[in-house]
Amino acid sequence: MPPLPSWYRGRADIEGFLLEQPLTCQWRVIPTRASGQLAFACYIREDSGWIAHSLDILTVRDDRIEQITGFLQPDLISLLGLPDHL
């Protein structure tokens with residue numbers, strides 16, 4: 001995931017990553033589209049509410065998720081017309 005190059009392959013690797021890092025926080029995701037692809041605007045819970053955190057873009061092939069590219073740039077969410085706070 002840019003800007004931190006990482007590679008996770010298979011359910012076990014992805015599950016381990018999620019449980020060790022992202023899923024230790026509270027998240028809300030809003031479905032959207034970016035560059036014609038299914039995407040999710042990701043918000044993290046902080047004292048002041050839900051704050052824009054990142055944008056995940058999914059590459060789908062044969063009705064399955066083939067790749068998730070995560071951009072850790074909260075300002076990308078506003079470029080899609082979504083709020084930076086929920």
Side-chain angles (χ1 to χ4, degrees):
M1 286 191 221
L4 307 170
S6 300
W7 184 267
Y8 303 96
R9 185 177 195 112
R11 291 177 189 235
D13 284 352
I14 294 169
E15 178 183 21
F17 163 74
L18 291 173
L19 291 174
E20 290 174 15
Q21 294 182 26
L23 294 182
T24 61
C25 303
Q26 291 181 334
W27 292 87
R28 279 189 76 183
V29 295
I30 306 296
T32 188
R33 295 193 77 74
S35 299
Q37 293 179 266
L38 178 62
F40 292 94
C42 302
Y43 296 82
I44 193 166
R45 180 80 171 147
E46 293 188 359
D47 291 337
S48 60
W50 296 98
I51 308 299
H53 179 274
S54 55
L55 178 69
D56 290 342
I57 300 177
L58 280 60
T59 301
V60 178
R61 184 183 307 244
D62 299 327
D63 296 329
R64 298 184 74 163
I65 297 171
E66 180 177 86
Q67 180 176 323
I68 302 171
T69 304
F71 295 91
L72 303 176
Q73 297 162 296
D75 57 321
L76 292 177
I77 291 173
S78 63
L79 293 176
L80 297 173
L82 296 170
D84 58 358
H85 291 80
L86 297 177

Is I51 linked to L72 within one hydrophobic cluster, defined over Ile, Leu, Val, Met, Phe, Trp and Tyr using a side-chain heavy-atom separation of less than 4.5 Å?
no

Atom of L55, atom of A39 and distance for their closest heavy-atom approach
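Here L55 and A39 meet closest at CD1-CB, 4.2 Å.
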
Do you know which two heavy atoms are closest between A52 and P74, and how far apart they sit?
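Minimum heavy-atom contact is O-CB, 3.5 Å.
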
Per the side chain to side chain donor-acceptor pair (under 3.5 Å) rule, what does the pair list look like for residues 58-67, sequence neighbours excluded?
Q37-T59, R61-E66, Q67-T69

4.5 Å side-chain heavy-atom contact, [X] and [Y]:
| X | Y | answer |
| --- | --- | --- |
| L38 | R33 | yes |
| D56 | C42 | yes |
| I14 | I68 | no |

What pairs of residues pass the ring-ring contact (aromatic ring centres under 6.0 Å, His included) test when at least one of them lies in residues 18-37, not counting sequence neighbours?
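Non-adjacent pairs meeting ring-ring contact (aromatic ring centres under 6.0 Å, His included): W27-H53.
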
What's the separation between atom CG in L76 and atom CG in D84, rounded to the nearest 0.5 Å?
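Here the rounded value is 12.5 Å.
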
Supply the members, apart from Y43, of the Ile/Leu/Val/Met/Phe/Trp/Tyr cluster built from side-chain contacts under 4.5 Å; use none for a lone residue.
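Y43 shares its hydrophobic cluster with I30, W50, I77, L82, L86.
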
